Amino acid sequence: MLGESFRNSCKIHHHYYQYIGSKRISKTWWRKLLVAWIVVWITVSVWIFWYMSSQAFEKRKETLASMCDERARMLQDQFNVSMNHVQAMSILISTFHHGKNPSAIDQRTFARYTERTAFERPLTSGVAYAVRVLHSEREQFEKQQGWTIKRMDSFEQNPVHKDDKAPKALEPSPIQEEYAPVIFAQDTVAHVVSLDMLSGTEDRENVLRARASGKGVLTAPFRLLKTNRLGVILTFAVYKTDLPSNATPKERIQATDGYLGGIFDIESLVEKLLQQLASKQTILVNVYDTTNQSCPISMYGSNVSDDGLKHVSALNLEDPFRKHEMRCRFKQKPPWPWLAITTSIGILVIALLIGYIFHATMNRIAKVEDDCHKMMELTKQAEAADVAKSQFLATVSHEIRTPMNGVLGMLHMLMDTDLDANQQDYVRTAQDSGKALVSLINEVLDQAKIESGKIELEAMQFDLRAIMDDVLALFSGKAHEKGIELAVYVSDGVPEMLIGDPGRFRQIITNLMGNSIKFTKKGHIFLTVHPVEEVMDSIDVETESSSLNTLSGLPVADRRRSCAGFKIFSREGSSHTLPPSSSDLINLIVSVEDTGVGIPLEAQPRVFTPFMQVDPSISRKYGGTGIGLSISKCLVGLMNGEIGFVSIPDIGSTFTFTAVFSNGCSNSNDTKQQKQRIKNQCNTTPSEFQDMTALVVDPKPVRASVSRYQIQRLGIHVELVSDLNQGLSIISNENRVFKMVFVEQEVWDKDSSISAHFVNNLQKIESGVSPKLFLLGNSLSSSRTSTATSGAYTLSVITKPLKASMLAASLQRAMGGNRGNPRNGEHPSLSLCNHLDGRKILIVDDNKVNLIVAAAALKKYGAKVICADSGKKAIKLLKPPHQFDACFMDIQMPEMDGFEATRRIRDMESNGRIPILAMTADVIQATYEECQRCGMDGYVSKPFEAEQLYLEVSRFLRPTSNANL
C-alpha cells in the first residue's frame with residue numbers, strides 16, 4: 001500500500017507537469033531544439049575560430065609590415081647617406097680638378113681619398129670619375145693620359161679577372177661626338193679606368209639623364225663587371241662652378257665637365273643591413289626595380305614561393321625615373337592558431353556539455369513522466385485495492401458486529417433476570433468473549449487505518465479525570481480478581497477541561513493498562529498524569545531511594561528512564577516544548593507503572609512492531625494480537641507526542657507518553673456550561689461535602705497522595721498521617737473538626753489493639769459528633785460487605801480503586817444520605833440522573849434482534865420506544881407533525897438505506913429538527929463522514945451497550961419534569 005509521502009510526491013510532479021504544459025513533453029520538440037542548439041554552437045565555434053585566426057593573421061601581417069617598413073627605411077636612409085657623399089665628392093672634383101690648373105687631383109690621390117672615406121659610403125662598392133671629352137679633343141686627351149679610350153661593351157663581353165691590372169685586350173671606343181672615359185677610380189674598381197661610359201648602353205642612358213637633370217640617377221640592375229653580382233650605378237654630373245641653380249637642361253649639358261659614378265652592390269649591401277637585425281624575427285626580403293611594372297627586375301632575394309602573406313614597402317632612392325620597392329615575407333610558415341583552436345573547441349565542448357545536460361535532463365524528465373504515469377496508475381490500482389480492502393473490512397466488520405450486537409445485548413438482558421451464581425458466571429464469560437472479539441475487530445480496523453494514513457483525530461471538549469474514572473471502572477474487576485492494587489493520580493496542574501480526541505486518548509491508556517493487567521500478578525498498577533513542566537522541574541531531584549517509595553512498596557522500573565530519550569527533555573527540545581504562538585496548548589505526560597513480569601531485553605527493540613509478540617507462547621498464555629502498542633505509538637504521534645518505556649525482567653515495566661491538547665478552560669462561558677452539564681449528568685461532587693475536613697491514615701506517601709487526590713475531588717480538605725496514634729493526636733489536640741477518617745486496611749489489620757484503642761478514643765472526642773470512620777480495602781472479601789464492626793463502632797468499607805463517584809455514593813450512604821450504592825458494573829451517572837423519562841424514541845433497523853436489544857436498553861431509562869424495520873416506514877412515522885423526540889437509524893437496510901431516509905426526513909422538516917443518530921456496524925471514517933453529510937446528528941457503533949445509547953441521545957434532550965433527580 002502506498003504511503004502518504006508517495007502521494008504527495010506524485011502531486012508535486014503533477015503540478016509541475018501542469019506548469020510546463022498540459023501534455024507530456026514532446027520528444028520530437030526537444031530533439032529538434034537539441035539539434036538546433038548543436039548546429040548554432042558549431043557555427044558559433046567556427047566563427048570564433050575564424051575571427052581569432054583572422055585577428056592572429058592581421059597581427060602577423062602588421063608585424064611583417066612593421067619589420068619590412070623598418071628595413072626599407074634603414075636601406076633608404078643609408079642609401080641617401082651614400083648618395084650625399086657621392087654628390088659631395090662631385091663638388092670636390094669640380095673644385096679641385098676642374099677649378100685648378102694644373103689639377104690638384106690625380107689617380108693616386110683620388111684612390112687614396114676614396115679608400116679612406118669609404119666608411120662614409122657604406123652602400124657603395126666603388127667610385128669612379130669619367131671626364132667629358134669631345135671628339136676633337138680625343139687625340140690630345142689620349143696622349144695626355146697615355147692610353148686609348150676603350151669601348152664599354154667589349155669589356156662587358158670579355159670581363160677582366162681580379163688579378164688583371166689593366167684592360168689591354170679591349171677595343172678602342174668607336175668614333176662619336178663625345179666620350180666619357182674614366183680617369184679616376186677607387187682601387188676596388190680600378191679596372192674601369194679608360195672605359196668610355198658613353199659606349200655602354202645602360203651607362204650612356206644613365207649619363208645623359210644625369211647631366212640633363214642635374215640629379216643623381218640610377219641605372220637598371222645589371223651584373224657588375226668582375227664580381228658578376230647585381231648592382232646599380234648612381235651617376236652625378238660634374239658642372240662648371242659658374243652654373244646657376246636654375247639652369248635649363250641645355251645649359252646643364254653645355255656646362256658639364258664630367259660624370260661621377262658610385263657603384264652599389266645591392267646584394268652585399270642588403271645582406272649587411274639584414275645582419276644588423278639578426279636578433280629579430282627573421283623574414284625574407286626581396287628588392288625589385290619596378291620601373292617596368294609588367295616585368296620587375298629583382299635586385300635582391302630568392303624566388304622561393306611564399307605562403308601568400310607578404311608586404312611591399314616603397315624605396316625612394318631619389319631617382320624620379322626609376323621605381324624601387326622592397327617585398328618582405330616570413331621565412332617560416334605561420335604557426336597553428338592554437339589559441340583560436342583551443343578557444344573554439346573549448347566553447348564547443350561547453351556547448352555540447354550543456355546540450356548533453358539538457359538532453360539528459362529532458363530524458364530524465366521524460367523518464368520521470370513515464371515513471372510518474374506508471375506510479376499514478378499504480379496509485380490508482382493501490383487506491384482501488386485500498387478501497388476494496390476498506391469495503392471488505394467494512395463488510396466483514398458489519399457482518400460480525402451485527403450478530404455480536406444481538407449476542408451481547410441479549411446477554412446483557414439475560415443478566416437482568418434471576419440467575420444463580422453459575423449461570424451468572426457463564427453469562428459474564430460469554431460477555432467477556434464477545435467483547436474481546438469486538439476489541440480484536442477494532443484493533444484490526446485501526447491498524448488498517450494507520451497503514452492507509454486515513455486515521456484522524458477529533459477535537460472536542462472532555463474531562464480527563466472522568467476518562468481516568470472510566471478506565472478504573474473498566475479494569476477494577478480484573479484487578480480485584482488478581483489481588484493487585486489499581487490507582488490513578490492526576491496532578492492539580494492539569495486543567496479540568498481539555499480539547500482533543502477523548503476516544504483515542506482513552507484507547508491509548510486502555511491499551512497500556514490492559515497490557516499491565518495482563519502481565520501483572522502481584523503488586524500494583526499506577527496511572528499518573530502531569531503537565532510536562534512539573535516533571536521537568538522535579539525529575540532532576542528524584543533519587544534512587546525513591547524506587548521503593550511506590551504504591552505497593554514493591555520495586556519498579558525507574559520512570560525517568562522511560563522518557564529519557566524524549567526531545568522535550570533534551571537541550572534542544574527543552575526550550576521549545578510547545579509552539580510559542582500556542583499559549584493555550586497543554587503538554588501532558590502520562591505514565592503507566594506496573595510490577596509485572598517485565599519484558600526480556602532481547603524483545604524490547606520490537607515492542608512497537610505490529611503483530612509481534614515477545615514470545616509465541618505469550619499469545620497462547622495471555623492472549624492478544626500484538627498490535628495494541630503499535631496503534632498507541634501512532635496515535636501518540638498524531639497527538640504531537642512521544643512514547644517510550646523502561647522494563648526490567650521480574651521487576652516490572654513503565655510506559656510513558658506525552659500528548660498535546662488545547663486548554664478547554666480558555667473560553668470561560670463554554671467551560672461553565674460544559675462543567676455544569678457534566679455536574680448535572682453525573683453529580684460527582686455533591687455540595688454537602690464542600691469545605692469538610694478528612695484525615696487519611698496511610699504509611700505509604702504515594703498511596704496516601706492517591707487517596708487525598710480522589711477525596712479532594714469532592715471538595716474535602718485532607719490531612720495525611722502515617723499511623724493511628726499520630727492521627728488520634730491530631731484529632732484530639734487540634735481545633736479543627738474532622739468529619740471523616742479514612743484508614744488504610746494495611747494499617748488497620750497491623751495491630752488490632754492499636755485499632756481498638758483508636759476507636760475507643762475516637763468515641764470519647766468531646767467536640768460534638770465523632771467523625772465517620774472508613775476503611776480503604778483492596779481485597780475481594782472487603783468488596784462483598786460495605787460495613788465492618790470494631791466492638792460497638794461501625795466501619796464503612798470502601799473498596800479500591802478509589803473513584804470520586806464511588807466515594808460520593810459511599811459517603812452519602814454512610815452519612816445518612818438517600819443515595820444507594822450503584823449496581824455492580826453500572827455507570828454511576830445512570831443511577832443519579834435520567835433524561836429519558838417519558839421520551840418517545842424511534843428505532844429503525846432491519847434486524848429484529850437489534851431492535852429488541854436497543855428497545856430494551858432505552859426502556860430501562862424510561863423511554864417510550866417505537867420500532868420500524870425499514871427506511872420507508874421511518875419516513876411515514878416522522879412525517880410532520882409527529883411526537884418523536886429522537887431517532888436511532890440503521891445505515892444498511894434493504895429498499896432504502898439510512899442515508900437516503902435521513903435526507904428525505906430532513907427535506908420534509910420545516911419547523912423543528914429531530915435528532916437522528918446513526919446506529920451501524922460500519923466504523924470506518926467514510927461512513928462517519930457520510931453520516932454528517934446526509935444530516936445525521938450522532939453516531940453509535942455496534943455492538944453497543946445501554947449506556948452508549950443513553951449518553952449519545954442525552955446530549956440532545958433536556959431533563960423532563962418527572963425525571964428522577
Side-chain angles (χ1 to χ4, degrees), residues 68-69 71-90 121-130 152-153 156 180 182 189 192 195 197-225 227-239 249 252-253 256 258-273 285-303 310-328:
C68 191
D69 291 342
R71 284 155 176 74
R73 184 174 61 254
M74 292 178 65
L75 180 61
Q76 184 174 290
D77 292 343
Q78 292 189 22
F79 184 84
N80 290 337
V81 171
S82 299
M83 185 179 63
N84 292 335
H85 279 277
V86 172
Q87 187 178 11
M89 191 176 293
S90 66
R121 303 179 302 277
L123 301 185
T124 60
S125 58
V127 181
Y129 176 69
M152 175 64 74
D153 53 0
E156 293 173 354
V182 178
V189 291
V192 299
L195 294 181
M197 296 292 106
L198 293 179
S199 60
T201 304
E202 292 291 337
D203 295 306
R204 180 180 178 82
E205 180 182 358
N206 203 40
V207 168
L208 295 179
R209 284 195 304 112
R211 72 182 184 180
S213 62
K215 296 181 179 180
V217 296
L218 296 172
T219 62
F222 63 93
R223 295 290 173 181
L224 296 177
L225 300 177
T227 61
N228 199 32
R229 296 169 67 93
L230 283 176
V232 294
I233 297 177
L234 174 65
T235 303
F236 279 97
V238 178
Y239 301 102
R252 290 179 183 281
I253 293 172
T256 300
Y259 314 96
L260 180 64
I263 302 171
F264 292 83
D265 186 348
I266 298 299
E267 293 183 3
S268 60
L269 296 178
V270 175
E271 287 179 358
K272 291 179 181 179
L273 174 65
V285 176
N286 289 72
V287 180
Y288 288 90
D289 184 327
T290 58
T291 303
N292 184 1
Q293 294 289 344
S294 61
C295 185
I297 302 173
S298 176
M299 300 173 63
Y300 175 79
S302 62
N303 294 322
K310 65 180 179 179
H311 181 75
V312 178
S313 297
L315 289 174
N316 184 10
L317 301 183
E318 301 298 333
D319 186 348
F321 178 74
R322 307 208 69 86
K323 306 296 182 183
H324 301 85
E325 62 184 29
M326 178 181 288
R327 299 177 182 177
C328 303

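No experiment lies behind these values; they were computed from the predicted model shown.
Each salt bridge (charged side-chain N to carboxylate O under 4.0 Å, His left out) pair with one or both residues in residues 76-89, not counting sequence neighbours, would appear here, but there are none. Under the salt bridge (charged side-chain N to carboxylate O under 4.0 Å, His left out) criterion, the residue pairs touching residues 261-270 are R229-D265, R229-E267, with sequence neighbours excluded.
Under the ring pair (Phe, Tyr, Trp, His ring centres under 6.0 Å) criterion, Y300 pairs with no residue, sequence neighbours left out. With sequence neighbours excluded, no residue satisfies ring pair (Phe, Tyr, Trp, His ring centres under 6.0 Å) with Y239. Residues that satisfy the side-chain contact (heavy atoms from CB on, under 4.5 Å) test with V312, not counting sequence neighbours, are E325, R327. Residues that satisfy the side chain to side chain donor-acceptor pair (under 3.5 Å) test with R252, not counting sequence neighbours, are absent from this structure. Checked against salt bridge (Lys or Arg N to Asp or Glu O under 4.0 Å), R204 has no partners two or more places apart in sequence or in another chain. For the side chain to side chain donor-acceptor pair (under 3.5 Å) test, residues two or more places apart in sequence or in another chain that qualify with T291 are D289. The side chain to side chain donor-acceptor pair (under 3.5 Å) search around Y129 returns H98, not counting sequence neighbours. Applying the side-chain contact (heavy atoms from CB on, under 4.5 Å) test to Q87 and every residue at least two apart in sequence or in another chain returns N84, S90, F236. The side chain to side chain donor-acceptor pair (under 3.5 Å) check on R121 picks up T117, with sequence neighbours excluded.
For the atom pair R71 CZ and C328 SG, the distance stands at 7.0 Å (nearest 0.5 Å). Here the CD atom belonging to E205 is positioned 10.5 Å from the CG atom belonging to D203, to the nearest 0.5 angstrom. A distance of 14.5 Å separates CE of M326 from NZ of K310, quoted to the nearest 0.5 Å.
Between the side chain of S213 and the backbone N or O of K215, at least one donor-acceptor pair lies under 3.5 Å. A donor-acceptor contact shorter than 3.5 Å links the side chain of S199 to the backbone of M152.
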Worked verdict on L75 versus V270 for side-chain contact (heavy atoms from CB on, under 4.5 Å): CA-CA 7 Å; L75 180 61; V270 175; 4.3 Å; yes
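The minimum heavy-atom distance linking V182 with A128 is given by the pair CG1-CB, 3.8 Å. Looking at every heavy atom in both residues, N80 comes nearest to E318 through OD1-CG, 3.6 Å. In terms of heavy-atom proximity, A212 sits nearest to I253 at CA-CG1, 4.5 Å. Of all heavy-atom pairs between S313 and A72, the closest is CB-CB, 3.6 Å. Between V189 and S125, the shortest heavy-atom distance links the atoms CG1-O, 4.5 Å.
At a threshold of 4.5 Å between non-hydrogen side-chain atoms, the residues Y259 and M197 do not count as touching. By the 4.5 Å heavy-atom criterion applied to side chains, N286 and Y288 are counted as neighbours. Between T256 and V238 the shortest side-chain heavy-atom distance does not fall below 4.5 Å. V287 has its side chain within reach of L315: a pair of non-hydrogen atoms, C-beta onward, lies under 4.5 Å apart. Between F222 and I297 there is no side-chain heavy-atom pair separated by less than 4.5 Å. The shortest distance between side-chain heavy atoms of S82 and F264 falls below 4.5 Å. With a 4.5 Å cut-off on side-chain heavy atoms, L317 and L218 count as touching. Side-chain contact between Q78 and M83: absent, with no pair of heavy atoms (C-beta onward) separated by less than 4.5 Å.
Among V86, L260, V217, L208, the single residue meeting the side-chain contact (heavy atoms from CB on, under 4.5 Å) criterion with T235 is V217.
When only modelled atom types and interatomic distance are considered, T219 and N206 share no side-chain donor-acceptor pair under 3.5 Å. In the model, D319 has no side-chain atom that pairs as donor or acceptor with a side-chain atom of H324 under 3.5 Å.
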